[in-house]
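Everything on this sheet refers to the single structure shown next.
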Amino acid sequence: MEKRILGLDIIRSLALVLVVAIHGITMSDLVGNTFGTVFWIPTLLLRTTALACVPLFIILTGYLNKDKVLNKEYFSSVIGVLVPFYIIAVMCEILKMAAGETTSIFKALLHIFDFSANGYAWYIEMYIGLFIMIPFLNMFYKMLGSPKNRITATAVIVGITMLPAAFSSLGLSTFRLSIFPDYWEAMYPVGYYFLGMVMADIKPEVKKWINSIILIFWICLMTAVCFVLSHFSGQYAWWFANGFGCIYNAITAALIFILFYNIDFKDGKLARIISIISLCSLEAYLFSYITDKVLYNFLDLPMPVMTFLSLALSLICAYVLRKFTKPVIRFLKEKYINIVAKKVKGP
């Protein structure tokens, strides 16, 4: 069994919790429903923090994959993503057919293969594209040579992909400050990937208490800005930092990452639980689409309770599924590598 890095497991587990939380905030319209009440500020604080979920996943991908190279074994690793995705996508379509949302097997198959069976599968679509680019992004990153060049290139990529959303966020309901070229916004995952590679290179060391104070201050500042924009707009400023490709959320994610990535402790049982949650994070994320739909359609409980139930049920389903898919994935990877090896050797 490969050695686990506890700090990275904590980050992946936290990202999973935050992604379930942000979906819960959206599905319950918690920010809109609490607007003008005493619960609104805590809700904004949670939203500000939870928007770091996807950035954390992608930064982690860059941190762990910066040394990957293009070889016959590389593409076999995507099998571990595709197998659970397609199994859960089939489950989603079976449930949709039972509910009358999908009316034929042809449409069900179409939804499975165009990534629309699972409403959270946009991340899988994004990841597959990023996965294909990773060896080439790594080549470019290594060619930059010095740490200074690598940090500069990362700053440029982060800037052109994430600054536009930062400027357009600073507006009112009738006005947006869209003064920065936004053509490259959709490339923000590449920015986060480079940020992860830089983190792996420089391994920033900041005292935990200082990092914590900066993180809390930043989250409170972003919440305060959203509050002010909402006040002057007369409505919840949903557009403020409302996307994963915004540099405000990148800063939140970077601070969280630096806080946790090198944490280690001796509690074996707790570390094991965190490790299991981390290992099940992909499947749990995909299962949470099912649990969210079921829970929010049939229950009317406070959002924190719904989030806990969705997370717990998703993790249970993910853990069970991994028990079945682990040997299947191993078999398919071995078959793929053998087939590619034979083709490389020739007849």
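If you're wondering where the values come from, they're calculated on a predicted model, not measured in any experiment. We count residues from 1, following the sequence as given.
Nearest heavy-atom pair, C280 versus A318, reported as atom, atom and distance to 0.1 Å: O-CB, 3.7 Å. Taking all atoms of both residues into account, the shortest heavy-atom contact from Y289 to C92 is CD2-SG, 3.8 Å. Between A241 and N249, the closest heavy-atom pair is O-ND2, 3.1 Å. Minimum heavy-atom separation, S168 to A165: OG-O, 3.3 Å. Here the shortest heavy-atom pairing between G80 and K333 reads N-CE, 4.3 Å. S288 and S314 make their closest contact through CA-OG, 3.2 Å (heavy atoms, listed as atom of the first residue, atom of the second, distance).
Between the side chain of S281 and the main chain of I277, no donor-acceptor pair closer than 3.5 Å is present. Proximity of a side-chain donor or acceptor of R322 to a complementary backbone N or O of E283 within less than 3.5 Å is not detected. In this structure, R47 contributes its side chain and I22 its backbone to no donor-acceptor pair below 3.5 Å. With S13 contributing its side chain and I274 its backbone, the two residues share a donor-acceptor pair below 3.5 Å. Judged by distance alone, with hydrogens and angles left aside, the side-chain atoms of D292 form no donor-acceptor pair with the main-chain N or O of S310 at under 3.5 Å. Without hydrogens or angle criteria, S230 side chain to A237 main chain gives a donor-acceptor distance under 3.5 Å. Checked by atom type and distance alone, the side chain of K66 never pairs as donor or acceptor with a backbone atom of K142 at under 3.5 Å.
For the pair I160/P181, no side-chain contact is recorded, criterion being any heavy-atom separation below 4.5 Å from C-beta on. Considering only heavy atoms from C-beta on, L195 stays 4.5 Å or farther from M162 through its side chain. With a 4.5 Å cut-off on side-chain heavy atoms, W239 and S233 count as touching. Contact annotation: the side chain of V198 approaches that of Y141 to within less than 4.5 Å [non-hydrogen atoms, C-beta and beyond]. Between L299 and M306, some side-chain heavy-atom pair lies under the 4.5 Å cut-off. With a 4.5 Å cut-off on side-chain heavy atoms, V294 and L95 do not count as touching. A heavy-atom distance below 4.5 Å is not found between the side chains of R150 and I202. I316 has its side chain out of reach of F287: every pair of non-hydrogen atoms, C-beta onward, lies at least 4.5 Å apart.
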task: Take L16 and L311 through the side-chain contact (heavy atoms from CB on, under 4.5 Å) test and state the conclusion after the steps.
output: CA-CA 8 Å; L16 174 64; L311 179 64; 3.9 Å; yes
Any chance you could lay out the side-chain contact (heavy atoms from CB on, under 4.5 Å) test for R12 and L64, step after step, and finish with the verdict?
CA-CA 12 Å; R12 192 180 286 107; L64 293 171; 3.3 Å; yes
Next item on the list: Check step by step if side-chain contact (heavy atoms from CB on, under 4.5 Å) holds for Y236 and C226.
Entry: CA-CA 8 Å; Y236 160 51; C226 187; 4.1 Å; yes
Steps toward side-chain contact (heavy atoms from CB on, under 4.5 Å) verdict (L60, M199)
CA-CA 9 Å; L60 196 55; M199 293 283 193; over 6 Å; no
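Using bins of under 30°, 30° to 60° and over 60° for the plane-to-plane angle, the ring pair W218/Y248 lands in the tilted bin. Ring-plane geometry between W122 and F244 is classed as parallel, the angle between the planes falling under 30 degrees on a 0 to 90 degree scale with a further cut at 60.
Not less than 6.0 angstrom separates the ring centroid of F75 from the ring centroid of Y336. Ring centroid separation for the pair F131 and Y74 comes in under the 6.0 Å cut-off. Checked against a 6.0 Å centroid threshold, the rings of Y63 and F257 count as neighbours.
With values rounded to the nearest 0.5 angstrom, L51 atom CG is found 7.0 Å from N242 atom CG. In this structure, CE in M222 is found 8.5 Å from SG in C246, a value given to the nearest 0.5 Å. One finds the OH atom of Y261 at 13.5 Å from the CD1 atom of I10 (value rounded to the nearest 0.5 Å). One finds the CG atom of L44 at 12.5 Å from the CD1 atom of I219 (value rounded to the nearest 0.5 Å). The distance from the CD1 atom of I247 to the CZ atom of F167 is 9.5 Å, given to the nearest 0.5 Å. The line from CD1 of I256 to OG1 of T49 is 6.5 Å long, rounded to the nearest 0.5 Å.
Considering only residues two or more places apart in sequence or on other chains, F113 meets the ring pair (Phe, Tyr, Trp, His ring centres under 6.0 Å) condition with Y86.
Under a hydrophobic clustering in which Ile, Leu, Val, Met, Phe, Trp and Tyr are joined whenever their side-chain heavy atoms come within less than 4.5 Å, directly or via other members, L144 and V69 fall into different clusters. V20 and Y319 fall into different hydrophobic clusters, where Ile, Leu, Val, Met, Phe, Trp and Tyr side chains are chained together by heavy-atom contacts under 4.5 Å. By the criterion of side-chain heavy atoms lying less than 4.5 angstrom apart, applied directly or through intervening Ile, Leu, Val, Met, Phe, Trp or Tyr residues, I263 is grouped together with L255 in one hydrophobic cluster. Residues L6 and I273 share a single hydrophobic cluster, defined by chaining ILVMFWY side chains whose heavy atoms lie under 4.5 Å apart. Following chains of ILVMFWY side-chain contacts shorter than 4.5 Å, one cannot reach F39 starting from M27, and the two form parts of different hydrophobic clusters.
Residue L137 forms a side-chain contact (heavy atoms from CB on, under 4.5 Å) with just one option from I157, N65, V190, and that option is V190. Of the residues listed (K107, E93, K96), the one engaging T102 in a side chain to side chain donor-acceptor pair (under 3.5 Å) is E93, and it is the only one. In summary, of the residues considered (F232, W40, F35), a ring pair (Phe, Tyr, Trp, His ring centres under 6.0 Å) with F227 occurs for W40 alone.
The number of heavy-atom neighbours closer than 6.0 Å to CG of D300, taken from other residues, nucleotides and ligands shown, is 12 or below. With a 6.0 Å radius and a threshold of 12 heavy atoms from other residues, nucleotides or ligands, K335 has its NZ atom at or below the threshold. Residue I210 places its CD1 atom among more than 12 non-hydrogen atoms of other residues, nucleotides or ligands, all under 6.0 Å distant. When the shell of 6.0 Å around CE of M133 is examined, it contains more than 12 heavy atoms from other residues, nucleotides or ligands.
A donor-acceptor contact closer than 3.5 angstrom links the side chains of N138 and Y193.
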